[in-house]
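Below you'll find the structure, written out as structure tokens, and then a few comments.
All of these numbers come straight from a predicted model, not from anything done at the bench. Here is how names work: the chains are called A, B, and so on, in the same order as the sequence lines, proteins then strands, and each is numbered from 1.
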Protein chains: 2
Amino acid sequence: MNQISEIAPRTTLHEELVGRLRDMIFSGELKGGDRVPEQKLCDMLGISRTPLREALKVLGNEGLLELLPNRGARVATLSEADIDEIFPVMGALEALSGELACARLTDAEFAEIRALHYQMALHHTRGELADYFRVNQQIHECILKAAANPTLEAQYTSLAGRIRLARFRANMTDKRWDQAMREHEEMLCALEARDGKRLSEVLSRHLENKRETVKQAIREGAGEAHGPAVAYD
Amino acid sequence: MNQISEIAPRTTLHEELVGRLRDMIFSGELKGGDRVPEQKLCDMLGISRTPLREALKVLGNEGLLELLPNRGARVATLSEADIDEIFPVMGALEALSGELACARLTDAEFAEIRALHYQMALHHTRGELADYFRVNQQIHECILKAAANPTLEAQYTSLAGRIRLARFRANMTDKRWDQAMREHEEMLCALEARDGKRLSEVLSRHLENKRETVKQAIREGAGEAHGPAVAYD
DNA sequence: TGCTACAAAATTGTATTCAAAAATCAACAC
DNA sequence: GTGTTGATTTTTGAATACAATTTTGTAGCA
């Protein structure tokens with residue numbers, strides 16, 4: 001009986017809406033600074049306000065939305081100061097994920113990361129930035145998954161979500177791109193050697209180098225996001 | 001006008017209820033595994049179900065409550081596996097807070113921490129465990145505040161809240177208590193020297209040593225909490 | 001034209017209601 | 001005594017209604 005209820009997970013409307021609203025934020029449908037018009041959204045989605053308001057509360061608590069009493073919710077914006085605040089925390093979490101991943105990585109998991117790495121290198125060689133980012137995201141996700149720590153994953157993902165508010169078509173300089181690629185080579189070596197300390201250090205450095213790119217993007221276009229969120233590397 | 005709205009912060013019922021429910025959980029009024037009876041709580045607090053449900057969603061997302069679709073909310077419980085999951089993450093965050101604190105600590109802040117340290121040492125000498133914990137908590141909070149990173153603080157506090165679900169009157173062994181005290185001596189030296197790396201290492205080790213105490217407490221009394229949450233050291 | 005005051009409209013926060021799901025209870029069969 | 005079934009009660013999730021607050025529009029005045 002308890003087993004049956006566990007193999008048939010239920011979901012509620014508010015939970016679905018949390019995901020839906022996240023997608024709308026990350027896709028650019030709702031941009032930083034935008035008001036979230038409750039009734040309009042309800043009309044559009046064909047639901048009542050109650051579960052939507054519940055979802056807004058969750059996203060408010062996560063920092064993706066700002067809840068303004070009596071004035072509704074607004075999509076959060078990211079300043080350079082926010083970046084300077086979030087990145088060290090993300091760095092600490094990612095460094096830990098590197099250590100844990102090396103401790104727990106299976107051969108199959110490593111093989112997959114290596115395959116993705118080669119694919120990403122191909123995109124780098126051909127100058128295909130969007131594809132590079134897509135595969136790059138997969139690699140980072142594989143490392144996080146290999147760490148096998150749901151609490152870590154939840155916290156990292158929550159912060160990564162906030163970073164995604166800084167949504168631009170990032171044009172990384174060739175120099176930074178080459179640097180990022182070298183960092184990924186180091187990561188692969190560390191993973192192969194299951195050298196947690198080394199991976200931890202590389203990941204932390206990698207993120208620190210990424211920080212300036214994100215801040216530059218904010219400086220160039222604060223509040224003028226274009227299109228869907230693109231990850232940085 | 002925007003300035004005026006900012007100097008007069010408003011609050012909503014759901015936010016108050018988030019805090020109130022947290023207090024109820026930490027105080028032991030609601031214990032791990034307990035169902036959260038919505039209507040009874042509303043009758044007791046003299047409010048309608050809507051803001052209460054909104055508050056439950058927030059606490060569910062934070063991990064203090066488990067939301068069971070169609071069956072309501074239940075106060076989360078902590079297993080040893082949860083501890084093994086949460087503590088490395090807390091360790092990484094606390095290590096970072098140590099580094100940041102050393103970089104940013106004012107003389108006044110250090111003086112306050114030192115005073116609290118001596119007070120705590122006095123309680124240790126006299127065997128006054130509850131007072132030791134109370135002051136100990138203050139010291140850890142001062143270090144976190146000196147780090148001056150709200151994102152870090154929010155994440156750390158959220159995890160610390162979950163740890164508080166393991167609520168027992170911890171009887172630390174004399175051996176562990178002496179060890180903890182020595183660790184705090186090291187912390188004070190590192191803070192005085194503004195040696196971030198050293199403090200980071202000590203804090204991380206301190207937490208790792210605390211982990212076993214918490215797990216032991218869970219083993220001895222899982223689900224049988226007594227009285228208000230007591231911090232560990 | 002710009003400012004102020006007021007009214008109307010829109011939006012937000014909370015309370016209440018309704019429908020669906022879960023829990024509990026009672027009756028019956030083995 | 002145990003297990004099953006059906007009815008009843010309770011609880012939960014979502015929709016709707018109501019009150020309060022904010023925003024917008026209009027009129028009057030300098």
Side-chain angles (χ1 to χ4, degrees), chain A residues 1-22 24-25 29-31 33-62 64-76, chain B residues 1-22 24-25 29-31 33-62 64-76:
Chain A
M1 73 182 247
N2 210 23
Q3 188 128 356
I4 290 177
S5 73
E6 284 182 21
I7 64 175
R10 322 262 191 126
T11 190
T12 53
L13 203 45
H14 98 270
E15 280 183 32
E16 291 185 31
L17 291 172
V18 167
R20 183 70 189 272
L21 287 164
R22 273 212 194 96
M24 290 171 76
I25 293 169
E29 199 171 337
L30 284 173
K31 295 180 285 293
D34 282 359
R35 301 298 298 271
V36 181
E38 291 181 7
Q39 191 57 58
K40 281 185 189 166
L41 268 186
C42 289
D43 294 341
M44 188 180 98
L45 299 171
I47 54 162
S48 77
R49 284 173 58 227
T50 308
L52 180 79
R53 291 180 58 77
E54 291 173 358
L56 296 182
K57 301 304 187 283
V58 172
L59 293 172
N61 203 50
E62 278 186 17
L64 283 188
L65 298 178
E66 294 175 299
L67 304 183
L68 312 167
N70 284 316
R71 297 165 71 189
R74 175 168 77 183
V75 182
Chain B
M1 67 183 256
N2 210 24
Q3 187 130 354
I4 291 177
S5 74
E6 284 182 19
I7 63 175
R10 309 163 294 128
T11 190
T12 54
L13 203 43
H14 98 270
E15 281 183 33
E16 291 185 30
L17 291 173
V18 167
R20 183 70 189 272
L21 287 164
R22 273 212 194 96
M24 289 169 79
I25 293 170
E29 198 171 339
L30 285 172
K31 294 179 284 295
D34 281 0
R35 300 298 298 271
V36 180
E38 293 181 5
Q39 191 57 59
K40 281 185 189 165
L41 268 186
C42 290
D43 294 342
M44 189 179 97
L45 299 171
I47 55 162
S48 77
R49 282 173 59 224
T50 309
L52 179 79
R53 291 179 57 81
E54 290 174 0
L56 295 182
K57 301 305 188 280
V58 172
L59 293 172
N61 203 50
E62 279 187 16
L64 284 188
L65 296 180
E66 295 177 298
L67 304 183
L68 312 167
N70 284 316
R71 297 165 70 188
R74 178 168 77 184
V75 181

Which whole-number value in Å describes the distance from [X] [atom1] to [N] [atom2]?
{"X": "B/I47", "N": "C/dA15", "atom1": "CD1", "atom2": "P", "result": "7 Å"}
{"X": "B/L17", "N": "C/dA15", "atom1": "CG", "atom2": "C1'", "result": "14 Å"}
{"X": "A/Q39", "N": "D/dT21", "atom1": "CD", "atom2": "P", "result": "20 Å"}
{"X": "B/L67", "N": "D/dT11", "atom1": "CG", "atom2": "P", "result": "18 Å"}
{"X": "B/R53", "N": "C/dT17", "atom1": "CZ", "atom2": "C1'", "result": "14 Å"}
{"X": "B/R74", "N": "D/dT11", "atom1": "CZ", "atom2": "C1'", "result": "16 Å"}
{"X": "B/L56", "N": "D/dA14", "atom1": "CG", "atom2": "C1'", "result": "15 Å"}
{"X": "B/L13", "N": "D/dA20", "atom1": "CG", "atom2": "P", "result": "15 Å"}

By nearest-nucleotide position on DNA chain D, the 5'-leaning member of A/T50 and A/N70 is A/T50
Between atom [atom1] of [X] and atom [atom2] of [Y], what is the distance when rounded to the nearest 0.5 Å?
{"X": "B/D34", "Y": "B/I25", "atom1": "CG", "atom2": "CD1", "value": "9.5 Å"}
{"X": "B/L56", "Y": "B/R53", "atom1": "CG", "atom2": "CZ", "value": "7.5 Å"}
{"X": "A/L30", "Y": "A/R74", "atom1": "CG", "atom2": "CZ", "value": "13.5 Å"}

Where the side chain of B/R49 is defined as all heavy atoms beyond and including C-beta, which of D/dA14, C/dT14, C/dT11 is the nearest nucleotide?
->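 Looking only at side-chain atoms, B/R49 lies closest to D/dA14.
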Classify the nucleic acid contact of B/L68 as base, sugar-phosphate or nothing, counting any heavy atom under 4.0 Å across all strands shown.
-> sugar-phosphate
Any side-chain N or O of B/S48 under 4.0 Å from OP1/OP2 of C/dA15?
-> yes
Are B/I47 and B/L17 close enough that some pair of their side-chain heavy atoms sits under 4.5 Å apart?
-> yes
